[in-house]
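Comments concern the structure below.
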Amino acid sequence: MSTANDALNKLIEEARLDPGHVFSAPWEARAFAIALKLSESGYFSWDEFRERLIAEVGASDRIRARDGTSDRGEYYEHFLRALERILDEKGIAR
Amino acid sequence: MSGDHHNTDDTGPAARVKALEAILTEKGLIDPAAIDAIVDIYETRVGPRNGARVVAKAWTDPEYRKRLLANAKSAAAELGIAGPEGGHLVAVENTDRVHNLVVCTLCSCYPWPVLGLPPVWYKSFAYRSRAVSDPRGVLKDFGLELEREVEIRVWDSSAEMRYLVIPERPKGTEGMSEDELAAIVTRDSMVGVAKIAPPASPRRNAPRVRG
């Protein structure tokens, strides 16, 4: 099993090879831009969105702390779930 | 049960984002062209080059450095740098005795206008969970070993506070212009996970950003 240490070293190495890397796939960029645009348009505040994001990230962190597993950079999966949640809770995409 | 999901099938995140974008567009809540524009801004235009300009100016202009330490948001705005997630910006300076390290333990808070969007490692559990409890170990992972006498201050970012580290100006850069200095300031140094190496040849060897 890889340790948190190994996981960080791998991510650091990836960032060295591609310093400008921001999104790992086009869908990550679209999800980010959709969330930012809806927030700028006033459908929700960025702080409201961040609350959901923190909840998603926290739930994943607790599993990792319990199981001793490392992450693979799936931050935008949490981000997307947070976006889906806020749209659902506010009835925005219905 | 595993918390891992694979992303290649139709129910993966790419398909979900596509469906979301379609319904939001159909309802007139977003315009795909506006989404394209935001992606372009954050992929290519907002990035650590802005922070590098702030740092280079702070290195060369003591009055600006004072203004930056007093109110980083307005000091960045002097250079035309502003935008979402740029409020409550705080600049912290590294010295030979103090080294500052920035993390967001809960999610991914980061000063977008000066640094762009955070790198993958910044958002990782591995970094977030250890930066506070074992900053020296984390810095070692980045290849930075500090003298034991150096105090490490870890700043946990939040919705209220975002941090920009002013790294130490390396020796051998005395004759360099502000633009040349800006070119040697790295993103990692402004998050506090690296120092800036002295340039091999002070005037000519400043690394250039690609493209």
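Here is how names work: the chains are called A, B, and so on, in the same order as the sequence lines, proteins then strands, and each is numbered from 1.
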Inset, instruction - State the NZ-CG distance between B:K123 and A:L11, to the nearest 0.5 angstrom. - result: 10.0 Å

Legend entry - Most contacts with chain B, counted as non-hydrogen pairs under 4.5 angstrom, among A:L80, A:V57, A:L38: A:L80

Inset, instruction - Would you please test B:Y42 and A:V22 for side chain to side chain contact (heavy atoms under 4.5 Å, CB included) and show each step? - result: CA-CA 8 Å; B:Y42 284 92; A:V22 175; 5.7 Å; no

Inset, instruction - Identify which part of B:D36 has an atom lying under 4.5 Å from any heavy atom of chain A, answering side chain, backbone, both or neither. - result: both

Legend entry - Region of B:P84 that comes under 4.5 Å of a non-hydrogen atom in chain A: side chain

Legend entry - Residue B:A159 versus chain A: region with a heavy atom under 4.5 Å: both

Inset, instruction - Enter the distance from A:N9:CG to B:W121:CH2 here, rounded to the nearest 0.5 Å. - result: 12.5 Å

Inset, instruction - Measure distances from A:A31 to the heavy atoms of chain B and classify the residue's part below 4.5 Å as side chain, backbone, both or neither. - result: both

Legend entry - Proximal component of A:E56, with respect to chain B [non-hydrogen, under 4.5 Å]: neither

Inset, instruction - Can you tell which part of A:L87 gets under 4.5 Å to a heavy atom of chain B, answering side chain, backbone, both or neither? - result: side chain

Inset, instruction - Find out whether A:F23 and B:E43 are in side-chain contact, i.e. whether some heavy atom of one side chain is under 4.5 Å from a heavy atom of the other. - result: yes

Inset, instruction - Could you check which of B:E26, B:R187, B:E21, B:K18 has the highest count of heavy-atom pairs closer than 4.5 Å to chain A? - result: B:E21

Legend entry - Among B:V120, B:I38, B:V193, residue most engaged with chain A (heavy-atom pairs, under 4.5 Å): B:I38

Legend entry - Check ion pair B:D31-A:K37 (N to O, under 4.0 angstrom): no

Inset, instruction - Check whether any side-chain heavy atom of B:S129 lies under 4.5 Å from a side-chain heavy atom of A:D61, and answer yes or no. - result: no

Inset, instruction - Would you check if the side chain of B:R16 reaches a backbone N or O of A:E84 as a donor-acceptor pair within less than 3.5 Å? - result: no

Legend entry - Contacting region of A:F79 [heavy-atom separation from chain B under 4.5 Å]: neither

Legend entry - Derivation and outcome, salt bridge (charged side-chain N to carboxylate O under 4.0 Å, His left out), residues B:D141 and A:K10: CA-CA 10 Å; B:D141 284 349; A:K10 185 167 172 288; over 6 Å; no

Inset, instruction - Please indicate whether B:E151 has more than 12 foreign heavy atoms, meaning atoms of other residues, nucleotides or ligands, lying under 6.0 Å from its CD. - result: yes

Legend entry - Heavy-atom pairs under 4.5 Å with chain A, option from B:I23, B:V39, B:I35, B:D134 with the top count: B:I35

Legend entry - Test item: B:C107 and A:R50 side chains (from C-beta on) under 4.5 Å apart, heavy atoms: yes

Legend entry - From A:I54 atom CD1 to B:S158 atom OG, the distance as rounded to the nearest 0.5 Å: 9.0 Å

Legend entry - Inter-residue atom distance A:L8.CG - B:R130.CZ, 0.5 Å rounding: 6.0 Å

Inset, instruction - Give the C-alpha distance, both sets of side-chain angles, the deciding distance and a yes or no for side chain to side chain contact (heavy atoms under 4.5 Å, CB included) between A:Y75 and B:S108. - result: CA-CA 9 Å; A:Y75 167 82; B:S108 51; 2.6 Å; yes

Inset, instruction - State plainly whether the residues B:D188 and A:R16 are in salt-bridge range, i.e. N to O under 4.0 Å. - result: no

Legend entry - Interchain contact, B:Y122 with chain A, by part (heavy-atom threshold 4.5 Å): neither

Inset, instruction - Count the heavy-atom pairs under 4.5 Å between each of A:L83, A:I34, A:I92 and chain B, then report the option with the highest count. - result: A:I34

Legend entry - Under 4.5 Å from a heavy atom of chain A, the part of B:I30 involved: side chain

Inset, instruction - Heavy-atom distances under 4.5 Å only: say whether B:L29 touches chain A with side chain, backbone, both or neither. - result: both

Legend entry - From B:L117 atom CG to A:L36 atom CG, the distance as rounded to the nearest 0.5 Å: 9.0 Å

Legend entry - Region of A:A59 in contact with chain B, defined by heavy-atom distances below 4.5 Å: neither

Inset, instruction - Check the pair B:L20, A:R30 against side chain to side chain contact (heavy atoms under 4.5 Å, CB included), reporting the backbone distance first and the verdict last. - result: CA-CA 10 Å; B:L20 207 55; A:R30 310 254 1 130; over 6 Å; no

Inset, instruction - Check whether any side-chain heavy atom of B:P13 sits under 4.5 Å from a side-chain heavy atom of A:Y76, and report yes or no. - result: no

Inset, instruction - Let me know if B:L106 has heavy atoms under 4.5 Å from chain A in its side chain, its backbone, both or neither. - result: both

